[in-house]
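One-based numbering, in listed order, for ligands and for the atoms of each. Just so we're clear, the structure is a prediction, and the values are computed from it rather than from any experiment. Sequential numbering from 1 along the given sequence is applied to the chain's residues.
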Amino acid sequence: MEKILDMISAKMAEAFAAAGYDASFGRVTVSNRPDLCQYQCNGALAAAKQYKCAPIQIANAVAEKLDARDFSKIEAVMPGFLNLNLSDSFLQEYLEAMRTAPDFGVEKLGAGQTAIVDYGGPNVAKPLHIGHLRSAIIGESLKRLYKFFGYNTIGDIHLGDWGLQMGLIIAELQQRQPELCYFDPDYTGEYPVEPPFTISQLEEIYPAAAAKKKEDEAFAEKAHTATFELQNGRRGYRAIWQHIMNVSVSDLKKNYNNLNVGFESWLGESDADPYIPAMVADLKDRGLAVQSEGAWVIPVAEETDKKEIPPCILVKSDGSAIYATTDLATMVQRMEDFRPDKMLYITDKRQSLHFEQVFRAAKKSGIVPAETTLEHLGFGTMNGADGKPFKTRDGGVMRLEQLISDMTDFVRTKVVENQIVAADEVEETTKKIAMAALKYGDLSNQPTKDYVFDMDRFAAFEGNTGPYILYTVVRIKSILAKYGSWEHLPIQPAANEYAKDLMLAITKLAPNLETALRTSSPNVICAYIYELAGCVNKFYHETRILSEENAALQQGYIALIALAKNILETCIDLLGFSAPEKM
Ligand code: ARG
């Protein structure tokens, strides 16, 4: 469906042409004086310069040519503005078209295209901490937005499963249990199916090993060797690696599930490993990789750089692959498997330089063709009330599970105190509200900015919060349930000014979703639904809906709030949460 502004602009352009002026002057914008009109066109002012006459003369002539059935107000005002209000019938027809079209008539901009969204990015064997929250929440939302716009979308978790942390665990395990068959180089039998550790043991082993590495040089050396041997295929180490993966991945799945975050692809750095040798050989052959201090690097600096961009390191002097190597090899793999039109990476913004280097290397070498878009969305930090990165009370790194359970406990108290639902529904309702509080609290900020985690504010039922949006949806649901069957009711002309404001807000769905997509900004969706929810609540307070005696009028009210509810529910689904039945 055409966006409403484009439709009005087209009508305006026709009117300019019909009055004898260039159609390109007929661009309409949303009014910056909503007290005067809904839309405006300033084209006559620009046209006046070209046609050397008074702007008001042009505005008047154009106003004459506009179709009065489309507008309830067409006003040419000094010095030459055109002020417009849509007619009730125009607005009604537009909303009815939205109501009956699939996905409210939002154009499928991504049809036929493939997008890979690389987010989450946890490192196996390390517990998820709050640093992983933003990538998961923002990535999930953007992935859903890509899907909504019709892209063939693949969310890839890109596990950190190939680095030193694996060698550290192996080395630590060897010190603790040297008798295990995995460490016996002469062992040729099958390795046990049962892992030699549980997830909680694993979560203890890793930090212990990481701490030891700092103090004990010999141990650090062992861990490096173990990493190297693992990557080069030592059987026993591969078997331990597989155990670490199995134990860790099922735990990760559980945690992401709790967050309502899901991935289509569970590949990791290790899956890119087989692509490395050929890729490196090719880059060397073509002279794109050069030697520098024993390492192989791809120079990526460009003349126009304002700051120095160091070369992208491909192979370290000890022959090992690093983060950039696996990222490039992953691109080789993704081009082979999917030939995506777009790859979007969501990480902390401190990784900006890494992605700048990798993207340049990928384009320069042709690993990624010119027509494929590469984008890194670097997000800011989640801070505590003191403005510093969020910590536990004793100053430690907070685990993601802990943060979620703190928020859940906080919300549960409210749900119980306010007797919102029956005892057996408390958990389900609490979970939904807590998820909305957490996700909306994060997503309503521009991703690149830091924000302060404020449980009280995020979980409030009033104000610009997730629970407020849920509350609005629940309110409409309860009216609809009391009313009865509503699904077939058509949109009617606005019955009062609050209905009109709500209708106008509804028409802004498509442009807002497009902006959110184009600028990777879920916060645009949040701002939109906050405005929409405000219009719904205003309308609800000023209009007797269920007690309206005129059945036809009432049907119009119901159809309108039902459409608003469906839009709100679609939008919160794009943000990654959903509304409970009662609140
Ligand atoms: N595992 C990485 C980290 O913890 C994030 C991975 C992001 N994705 C990527 N393709 N590099 O920092």
Side-chain angles (χ1 to χ4, degrees), residues 115-140 142-143 153-169 203 206-207 210 227 231 241 244-245 248-249 251-252 255-256 261 263-273 275-276 279 300 312-314 321-338 340 342-363 367-368 372-382 389 397-400 447 520:
I116 295 182
V117 184
D118 178 317
Y119 67 108
N123 298 316
V124 298
K126 299 188 199 174
L128 291 174
H129 57 80
I130 53 153
H132 295 108
L133 183 72
R134 298 210 72 192
S135 181
I137 294 183
I138 298 169
E140 179 71 20
L142 290 175
K143 182 185 79 182
T153 312
I154 299 138
D156 186 358
I157 190 167
H158 199 71
L159 294 168
D161 60 358
W162 208 228
L164 182 60
Q165 86 262 29
M166 296 309 211
L168 283 166
I169 294 169
E203 286 181 353
Y206 173 73
T227 311
Q231 295 184 353
W241 176 87
I244 301 174
M245 291 298 283
S248 191
V249 166
D251 186 62
L252 286 171
N255 276 292
Y256 282 114
V261 166
F263 301 91
E264 285 70 23
S265 162
W266 278 80
L267 296 183
E269 293 173 0
S270 66
D271 295 285
D273 190 62
Y275 295 82
I276 293 177
M279 175 185 80
V300 290
C312 180
I313 300 177
L314 190 64
I322 59 164
Y323 192 38
T325 328
T326 48
D327 260 332
L328 281 171
T330 300
M331 289 173 167
V332 174
Q333 181 179 21
R334 287 176 182 165
M335 289 319 298
E336 265 185 40
D337 291 351
F338 303 109
K342 169 139 194 181
M343 285 188 245
L344 171 62
Y345 296 78
I346 294 131
T347 76
D348 191 301
K349 67 179 166 203
R350 282 170 294 190
Q351 295 196 24
S352 297
L353 178 61
H354 164 76
F355 283 105
E356 182 67 52
Q357 293 171 306
V358 169
F359 288 178
R360 286 185 182 193
K363 290 279 169 156
I367 289 175
V368 173
T372 295
T373 311
L374 296 173
E375 179 183 338
H376 173 233
L377 175 61
F379 52 78
T381 311
M382 179 174 122
V397 178
M398 184 173 256
R399 292 178 64 148
L400 188 53
S520 297

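A donor-acceptor pair under 3.5 Å is formed between the side chain of Arg134 and the backbone N or O of Gly380. A side-chain donor-acceptor contact under 3.5 Å links Asn255 to the backbone of Asp251.
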| said: For His354 and Tyr323: C-alpha separation, side-chain torsions, deciding distance, then whether ring-ring contact (aromatic ring centres under 6.0 Å, His included) applies. | reply: CA-CA 9 Å; His354 164 76; Tyr323 192 38; 4.1 Å; yes
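The side-chain heavy atoms of Thr153 and Glu264, taken from C-beta on, include no pair separated by under 4.5 Å. With contacts defined as side-chain heavy-atom distances shorter than 4.5 Å, the pair Met343/Met335 qualifies. Between Tyr119 and Leu377 the shortest side-chain heavy-atom distance does not fall below 4.5 Å.
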Extract all N/O-N/O pairs under 3.5 Å that connect ligand 1 to the protein, and present each with both atom names and the distance rounded to 0.1 Å.
residue, atom, partner, partner atom, Å
ligand 1, 1 (N), Gly121, O, 2.9
ligand 1, 1 (N), Asn123, OD1, 3.0
ligand 1, 4 (O), Gly121, O, 3.4
ligand 1, 4 (O), Asn123, ND2, 3.1
ligand 1, 8 (N), Asp118, OD1, 3.0
ligand 1, 10 (N), Asp118, OD2, 2.8
ligand 1, 10 (N), Asp327, OD1, 2.8
ligand 1, 11 (N), Tyr323, OH, 2.8
ligand 1, 11 (N), Asp327, OD1, 3.3
ligand 1, 11 (N), Asp327, OD2, 2.9
ligand 1, 12 (O), Gln351, NE2, 2.7

